[in-house]
Every structure is written in C-alpha cells, then in structure tokens.
Amino acid sequence: MKKRMSRFFLPALFLALLALAACTGKTPVGDTTAAVTAPETAPETIPETAPETVPETSPETAPETTPETAPETIPETVPETSPETAPETTPETTPETEPPEPLPPFSLDLSLPALGTAETPVVARYRDEAVNTVKAALFGDNLAWRGNGYGVWNEKTGALNAPLVSAIRRCGVTHLRYPGGVEGDYFHWEESIGASRVPQIDPFSSDYPTRAQKAGERYLPTFGFGEFVSLCRALEIPATVQLNAGNGTPEEAAAWVRYCLANGIDVASFSIGNEPNMAAEKVEGLRVTKTPEEYVSFASRTLELLGEDRDRVEIGAVALLSAHPLCKYPAWDKKILTALGDRIDFVDCHLGYAPLYTLDGDSDEEIFTAYMAAPDWIASLLATTEREIDAYAGENAKNISIQITEYGPMGTYYNGTVGSVFLASLLQTMAKDPRISAANHLPMLNHPYAALLVGYYRVNGADHFWDNICSYVFRWYAEQAGREVLAAEETAQRLTNRKKVGVVPPCSYRSGETAVYLDRAARRGTLFLINRDTEENRRFEVALPFEAVTLTSCLQIRADDKTLANTWDRPNNVTPVKVPVGGRGSGELSVTLEPISLVRMDFSY
C-alpha cells in the first residue's frame, strides 16, 4: 500500500506546485523543465494554436506575456515545455536552409582544332557602370548622285526603286550623306533640282556604272537633291549634307543651308567640304583641294553669310591631323581650329579607312595583319585629334565633337571576313568614345572600292539583292543604339604589324577585344568577342558584373577563307553561324575563338 501511495503522491505534489506558481507568478525552485517564456528559437517551432507566446521572444512585446495581463495563456503553453516536446524547440534540431549551389560558368570552344591556341587569353572584367551610350548617329551611310543614286532612282518611272529602298531600310542606316564625298567637290546643288537641270562633273565616270573613257565626264543629275530628300523621307531618316568647298562658292554653300531651312528639310548636319587637305585631284586640269589658308577663307565666308541662321544648324569644318599619311599640309588642324574653333560644332575627319590601298608586293598575311592592327592605330589618331581640339579651339573646344563622315574597309578584301572583322572593331572604338557624335559608313551600295552595305546588282534586267558580311556586322551594332557601353578592365597580348600596308603604319595592336552593350530597363545585354589574331585561336575569359545570366543566342562570323565574299550569284558564301547555347549560369564565360572571327552573345540577367 505504501508503494502505490508514493507513485501517485509525487505527481500530485508537482501539479500542486504548478498551481501555486500560477497564483504567485513564480516558478518553483529547482524546476529546470518549466519554460513559460520560450527560448529564442521558439518562434520557429510554435504551433499555430499558440500565437500568444510568439511575442515573448521580442523585448518590445514581452509585457503581453506577464501573468498580470495574460495568466490564462500559461496552461496552453505548458505542453510546449514538457519534456516530450522540448527537444523540438532546441536549436540543434531546427532544420537549416541549405545554401544554393553556385551556378556554373559558361564554356564554349569555337576554335579551329588544326591550329594552336595562344597561351595568353584576353581577360575582361566588367563593372556595372557605363562609359558611354551607343549613339544612333554612328550608323549613317553615304549615297552619291551619280548613276541614279546607284539604282535608287528609277529614271523611267520617275520614282524610287521600292525594293532597293526596303533593302536600305533593313540594314539599319540612321542618316544618309549626300552628294557623295569626292563627287560633292564638283556638285552644284541648284543645278540638280527642278525641270531645268545641268549636267554635273562625275569624277568617277570611268568606273561603274558609266565606265567612260576618262574621269570627269558630265551627266544629268536625275537623282538630284530633291530625289535624295524623297528617299530620306521614305526611310524616315535625316540627311547629312556635304557643302561644295571644291569648285563651289561660299554663296552657293550658304544658299543650300538656307534652302533646307526654308523647306523644312531634316538635315542632321552640314559639313563644309570633303577632303580639301588631301591634295589629290581626281579630274585632270580641275583643282578642288585647298591650302589651310584658302579653306579658312572659304569656311569663314560661308559662316558669315549664314548670319543668324548659323545657330539654327549643326555645321562643321574638315580636319585631319598632319600625322595622317593622307594629309598633305603640316599643322592643318592647328590652323583650322585656331581660325574657326569658335564658330563650328564639329570637325569632320576621314580617318576611318583601312588599309585604303595595297600594292602588288603585299602578301595576304600582311594585308590581314594591317586590317587587324588598323583599329588601334585609328584610336590613337582619334585621341590626338581630341587633344588638338582642346589645345587650339579655345573656349568652344568643349563643345566641339568629332564626326567621321566616311569610314569602313577599303582597298583589298573589303567584302571578306577580314574586312568585316575590322569594321566590327572600328564600330566598338567609336561606340565607346563620347566625343564622336556621328559617323557615316561608306559606301551604301555599288561602290567599286569598298565594302557594300547593301548587296545590289542588276543582271539582264533583273534585280538581285543580298547581304554582304559587313551587312550583318553593321546591323548587329546598329541594334545596340541607345544601350549603355559597360566599363571594363581588359588585358590582351600585343601583336605587331611590321610593315606599312596602305595607310596603316607599323604598329602594335591588341590580339583581341570585347564589348558589352546593356539595355538596363529590359535587363538584357549583348557581348561581342573579336579575335584579331591572324594565326592562332584565342581564349577569352570574361566576367560580367552579374551573379547569374541566361544566354539566349550566340552567332559567329567566320570563314576558312578570310577573303571570301558574298556575290549576287552566291549570296550565302559567308553567313552568321548559329551556335547552340542556353541555360542559366554565372557571369563567368570562357570562350575560344578561331583567328579573325567575331562572336555575338545575347543574354538576360
């Protein structure tokens, strides 16, 4: 009987002590299992039936759990402190969230197995900040008056060639320069409009499409300024007008500006002349170049005649630093900027050509190397031009930008992959330079010496259209207009161009380069990789400033024969190659490219 009474006596005593605690607000001495206030980990394990005890872990809400304010809640929490349930609330048994697995980097091998891979990779580490915004005005082009605008105007129907207009629109051109570079040095605009037109001197009459016996023959300007304006309006883009500083007069130049203003013609900018400083006469017996003093006199008089209308337009003067092999006058820029710097908005520099010409003794490898070296050489010329503006243009220097109204591969293999990779690198150089306000590729179509942006040829009465390799490149970069140019720390092995080829001098150059253009609002971007090595595969190690990216597409421009071009009868000799990619990964990429090739990678982040 004693044993049975002792079995029930101790639990009864325990319950009595608990009841006493409820009345006095004190925990019985020696009761180590009682926990009216929950441990710090209790909020993670408290069942939904006891929300009243959750605030006990917060100092601000602790008074709500005192016996005076909520004694009735104590019995409800007793089960939580029972020996059977206590282990569930200990930190040791609380499940911990596993850290996410790190995303893998992207790796892509687009090398040529037969070639070796250079030991030194191109390394680019991007920062989430912009150095510039890609300007839409970088993607202009040129169109001449001669040959019905190379087919743009249908003389028989008196209308634009609609299919050709569509092809021009598709290439992404944002403005058009007229009347055509060298052709503009002989062009009198007033004689190209209306019913009573006057034949104009064609400095390229011995070339396509006229193929005359000599340069300088005269032809009726059926694609005059009025027809050109109708083309710009059909394309919904502005014009860029080159004033005749060759055999024209300041009065004629000023009148052209006023005509555009009076007739509501959208002109992005006016440039006074073409290449007066190159001292190269195209038509025998007719001088159109000028000394610095003659040019300053012409430009000053033009600006004076404009009067108040000067401030209604963007107008610039021709510049080309004396270090450039085509400039025949020492200190040309210094004299032009000193005399005109306070009255111009920009300087027009034709320094974006390469290699311009080649000689019989130049090997393919030497031509390839000159093309790949040219972008770094051009970048150095731009830096010098910017320093000259700041040094000689006075207080207005900060307001003077640079326009490159002619640029592109020219001379040899310009329609091949080697010419197009040069074009890609040059576009990247211009896109990141805040001082370059506009640029015009040359030519749009049917030029005999340079890369054609629109492939067009008429054979046996039938029109043929195709994309040249440079067409793809130009369109890819034009699509980046309005995007941020991301800042990067980039290192690349320096290679050497050992021989002067065309205008490109011996110089060192980067073996490869990258660029990232970002649409921050859409959280999308495009990464470009260019291998400028002519002999070896090159690895690119790129770190984007994002924890995770999703590759949405990858396109490559490459060819076994770097000179191979697309033609009217073989329009698909070289087209972008679609590389399978996809999935989500880290912002780290490792890509190996073959020599003289370009890759475009689109991503979201």
Side-chain angles (χ1 to χ4, degrees), residues 142 181-182 185 203 245-246 271 273-282 287-292 294-295 317-337 347-363 365-389 391-392 402-414 418-419 422-423 425-426 429-430 433 436 439-443 447-451 495-509 532:
N142 281 264
V182 173
D185 287 333
S271 182
N274 179 51
E275 295 165 352
N277 51 353
M278 292 189 183
E281 306 296 352
K282 185 68 176 174
R287 178 173 175 263
V288 296
T289 59
K290 286 178 166 52
T291 65
E294 290 172 331
Y295 181 78
V318 173
L320 187 67
L321 62 155
S322 57
H324 194 284
L326 295 181
C327 186
K328 302 301 180 182
Y329 298 101
W332 172 277
D333 281 2
K334 180 178 180 179
K335 293 180 179 180
I336 301 307
L337 289 165
V347 291
D348 185 359
C349 305
H350 292 183
L351 45 69
Y353 286 134
L356 193 62
Y357 63 88
T358 57
L359 302 176
D360 291 341
D362 297 329
S363 68
E365 179 59 30
E366 290 168 340
I367 295 171
F368 293 172
T369 303
Y371 263 126
M372 296 300 96
D376 284 7
W377 172 63
I378 292 171
S380 70
L381 296 181
L382 284 167
T384 302
T385 302
E386 292 170 11
R387 289 193 295 270
E388 289 182 339
I389 294 172
Y392 304 128
I402 295 173
Q403 293 193 9
I404 306 174
T405 59
E406 295 184 14
Y407 70 82
M410 181 177 283
T412 306
Y413 306 143
Y414 41 81
V418 64
F422 157 74
L423 176 61
S425 183
L426 179 61
T429 298
M430 294 191 295
D433 190 335
I436 300 176
N440 298 71
H441 173 267
L442 187 149
H447 190 288
Y449 307 120
L495 304 177
T496 303
N497 175 40
R498 302 186 182 281
K499 176 185 175 183
K500 181 179 184 295
V501 176
V503 297
V504 183
C507 58
S508 69
Y509 65 98
R532 289 159 60 185

- Task: Say whether, by atom type as modelled, one donor and one acceptor occur between the side chain of N142 and the main chain of T405 under 3.5 angstrom.
- Result: yes
- Task: Identify which one of I436, I378, I402 satisfies the side-chain contact (heavy atoms from CB on, under 4.5 Å) criterion when paired with M430.
- Result: I436
- Message: Between H350 and G352 (side chain of the first, backbone of the second, donor and acceptor by atom type, cut-off under 3.5 Å), is there such a pair?
- Response: no
- CZ on R387 to CG on D333, rounded to 0.5 Å: 12.0 Å
- Message: For the backbone of V182 and the side chain of K282, can you confirm whether one donor and one acceptor N or O come within less than 3.5 Å of each other?
- Response: no
- Do the non-hydrogen side-chain atoms of L382 and I404 ever get within less than 4.5 Å of each other? yes
- Query: Within the side chain of K500, is there an N or O that forms a donor-acceptor pair under 3.5 Å with the backbone of G502?
  - Reply: yes
- Heavy atoms, side chains only, cut-off 4.5 Å: are I336 and Y392 in contact? no
- Starting from the C-alpha separation in whole Å, work towards a yes-or-no answer on side chain to side chain contact (heavy atoms under 4.5 Å, CB included) for V318 and V347. CA-CA 6 Å; V318 173; V347 291; over 6 Å; no
- Sequence-distant partners of E365, salt bridge (Lys or Arg N to Asp or Glu O under 4.0 Å), two or more places apart: none
- Task: Determine, step by step, whether R287 and E294 satisfy the salt bridge (Lys or Arg N to Asp or Glu O under 4.0 Å) criterion, reporting the C-alpha distance in whole Å, the side-chain angles of both residues, the deciding distance to 0.1 Å, and the verdict.
- Result: CA-CA 12 Å; R287 178 173 175 263; E294 290 172 331; 2.7 Å; yes
- Task: Locate the shortest heavy-atom distance separating T429 from A379; write the atom from each residue and the value.
- Result: CG2-CB, 4.0 Å
- Message: Nearest 0.5 angstrom please: L326 CG to N277 CG, how far?
- Response: 9.0 Å
- Task: Identify the heavy atoms of A451 and P443 that sit nearest to each other, and give their distance.
- Result: O-CD, 2.8 Å
- Could you pull out the closest heavy-atom pair between A374 and F422, with the gap in Å? CB-CE1, 3.7 Å
- Message: If we count only N and O atoms by modelled type, under 3.5 Å, do the side chains of E281 and T289 hold a donor and an acceptor together?
- Response: yes
- Roughly how far, to the nearest 0.5 Å, is OG of S425 from CE of M372? 7.5 Å
- Sidechain-backbone polar pair: K334 side chain, L321 backbone, donor-acceptor under 3.5 Å: no
- Check: E275 and E406 side chains under 4.5 Å, non-hydrogen atoms: yes
- If we only count heavy atoms from C-beta on, is the Y357 to V503 side-chain gap below 4.5 Å? yes
- Query: Would you say D376's side chain and A373's backbone share a donor-acceptor pair under 3.5 angstrom?
  - Reply: no
- Query: Can any side-chain N or O of Y371 pair as donor or acceptor with the backbone N or O of T412 at less than 3.5 Å?
  - Reply: yes
- Message: For W377, is there any backbone N or O sitting under 3.5 Å from a side-chain donor or acceptor partner on S380?
- Response: yes
- Does D348 reach the main-chain N or O of N274 with its side chain, forming a donor-acceptor pair under 3.5 Å? no
- State, to 0.1 Å, how close P505 and N497 come at their nearest heavy-atom pair, and which atoms those are. O-ND2, 2.9 Å
- Query: Taking all non-hydrogen atoms of both residues, which atom of M410 and which atom of Y449 are closest, and how far apart?
  - Reply: CG-O, 3.2 Å
- Query: Between E388 and L337, is any pair of side-chain heavy atoms under 4.5 Å apart?
  - Reply: yes
- When rounded to the nearest 0.5 angstrom, what is the spacing between CH2 in W332 and SG in C327? 7.0 Å
- Can you name the closest pair of heavy atoms from A439 and Y407 and give their distance? CB-CE2, 3.5 Å
- Verdict with reasoning, Y295 to T291, per side chain to side chain contact (heavy atoms under 4.5 Å, CB included): CA-CA 6 Å; Y295 181 78; T291 65; over 6 Å; no
